[in-house]
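By convention here, the first residue in the shown sequence is residue 1.
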Amino acid sequence: FEYILAGKPAPTKECSQLQAILDTTHAVIAKLGHLMDKNLGYILETIVWIGYIVDSACRSTGKVSVYKTVRNSVYALLSTFYAKFPTFAYTQQIDGAIFKSFVWQSLENFDRDFIHSPSGLLQLVLTWSRERSYHRYFLVTDATHQPQPLLHNISKVLVKS
C-alpha cells in the first residue's frame, strides 16, 4: 500500500494477465471464503494492486475502452471483498490506497461515465451503503481531488440526472 500511496509508477501489464489474476482471486474468495481469514490482507492487496495498475493504465494510455472489462471486474471483486468480509480490519493506509486507486479518479469522470453504463464506483458505493461500518467512507474527503465528502459528490451527480 505504501508504494501506491507514494504515487510510484505502476507496472504495465496486459489486460489478459490482469483478468486471469482477478479470475483466480475471485475463485479463491468464492471457494475458500472465510477459511482464508489469515490471508485476507494479501487478497485485498492483490485486488488493490490490480486496481492501481488498471487506473494508471487508463490515465497514462487513455485506452479506457481496452481496460473497461478489467476495470469493471476489479471493482466487482473489491465490492465482493467488502460484502463478504465486513469485519476485516481496514487501516488508514489501506483506505488511502483504495481511495487513490478506485475512488478519486473515478469520481472526476463520474458525471459522464455513470450515464453510459453502471459505474464500478457506484457498485462500490452500493456495497458500502449496505454495511453500517462502511458508512464512514461517505464522509471521506481529499483536498487534492475532491474537497467535498464522497457522498456529496455522488449525490450531486445522481440528482442532476
Side-chain angles (χ1 to χ4, degrees), residues 1-11 13 17-59 67 69-110 113-114 118-155 157-158:
F1 298 114
E2 291 173 18
Y3 189 91
I4 293 170
L5 292 172
K8 295 182 179 179
K13 297 291 178 189
Q17 291 174 314
L18 297 172
Q19 189 62 54
I21 295 167
L22 287 172
D23 292 344
T24 303
T25 305
H26 184 271
V28 167
I29 290 172
K31 301 287 184 196
L32 300 175
H34 290 285
L35 297 174
M36 299 293 295
D37 283 346
K38 293 181 182 176
N39 297 305
L40 290 179
Y42 176 73
I43 292 170
L44 182 59
E45 268 187 71
T46 302
I47 296 167
V48 174
W49 184 244
I50 293 171
Y52 183 65
I53 292 170
V54 170
D55 178 60
S56 295
C58 288
R59 283 187 290 123
Y67 286 92
T69 302
V70 178
R71 184 183 66 185
N72 290 341
S73 294
V74 75
Y75 271 99
L77 191 55
L78 181 62
S79 295
T80 298
F81 188 91
Y82 273 106
K84 281 189 87 113
F85 309 109
T87 59
F88 181 78
Y90 297 94
T91 64
Q92 283 185 333
Q93 188 178 37
I94 292 170
D95 290 344
I98 289 170
F99 270 78
K100 182 172 183 153
S101 301
F102 291 91
V103 177
W104 300 129
Q105 283 301 128
S106 294
L107 197 57
E108 288 178 9
N109 301 320
F110 185 67
D113 291 348
F114 96 99
S119 167
L121 179 58
L122 203 53
Q123 183 179 8
L124 185 57
V125 167
L126 182 61
T127 301
W128 287 344
S129 72
R130 291 181 178 140
E131 177 63 44
R132 189 177 227 12
S133 63
Y134 299 144
H135 290 180
R136 62 191 166 96
Y137 293 131
F138 296 128
L139 302 176
V140 174
T141 61
D142 182 52
T144 59
H145 292 95
Q146 299 291 333
Q148 298 292 329
L150 174 65
L151 185 59
H152 172 79
N153 287 287
I154 290 178
S155 298
V157 171
L158 294 174

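Considering only heavy atoms from C-beta on, Pro11 comes within 4.5 Å of Trp49 through its side chain. Contact of the Leu44 side chain with the Leu78 side chain is registered, since non-hydrogen atoms from C-beta on lie closer than 4.5 Å. For the pair Leu77 and Ile29, the minimum side-chain heavy-atom distance is below 4.5 Å. Contact of the Ile94 side chain with the Val48 side chain is not registered, since no non-hydrogen atoms from C-beta on lie closer than 4.5 Å. Side-chain contact between Val140 and Asp95 is absent, with no heavy atoms from C-beta onward closer than 4.5 Å.
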Please determine whether side-chain contact (heavy atoms from CB on, under 4.5 Å) holds for the pair Phe138 and Val125, giving the CA-CA distance in whole Å, both sets of side-chain angles, and the decisive distance to 0.1 Å. CA-CA 8 Å; Phe138 296 128; Val125 167; 3.5 Å; yes
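Judged purely by atom type and a 3.5 angstrom limit, Tyr75 has no side-chain atom pairing as donor or acceptor with the backbone of Leu124. Under the 3.5 Å distance criterion, the side-chain polar atoms of Lys100 are matched with a main-chain donor or acceptor of Ile4. Between the Tyr3 side chain and the Pro9 main chain, a donor and an acceptor come within less than 3.5 Å of each other.
Across all their heavy atoms, Trp128 and His135 have their closest contact at O-CD2, 3.3 Å. Across all their heavy atoms, Leu22 and Ser73 have their closest contact at CD1-CB, 3.7 Å. Residues Gly41 and Phe88 come closest through the heavy atom pair N-CE1, 3.6 Å. Residues Pro86 and Ser133 come closest through the heavy atom pair O-OG, 4.0 Å.
Expressed to the nearest 0.5 Å, how far OH of Tyr90 lies from CZ of Phe85 amounts to 8.5 Å. Summarising the geometry, atom CD belonging to Glu45 is positioned 12.0 Å from atom OG1 belonging to Thr25; distances are rounded to the nearest 0.5 Å. Rounding to the nearest 0.5 Å gives a distance of 14.0 Å between NZ of Lys38 and CD1 of Ile43. If you take CD1 on Ile50 and CD on Gln17, they are separated by 10.5 Å, rounding to the nearest 0.5 Å.
In this structure, a donor-acceptor pair under 3.5 Å is absent between the side chains of Thr69 and Gln19.
Aromatic ring pairs are classed by plane angle as parallel below 30°, tilted from 30° to 60° and perpendicular above 60°; the pair Tyr82 and Tyr137 is perpendicular. Taking the six-membered ring where the residue is Trp, Phe99 and Trp104 present tilted rings, their angle falling between 30° and 60°.
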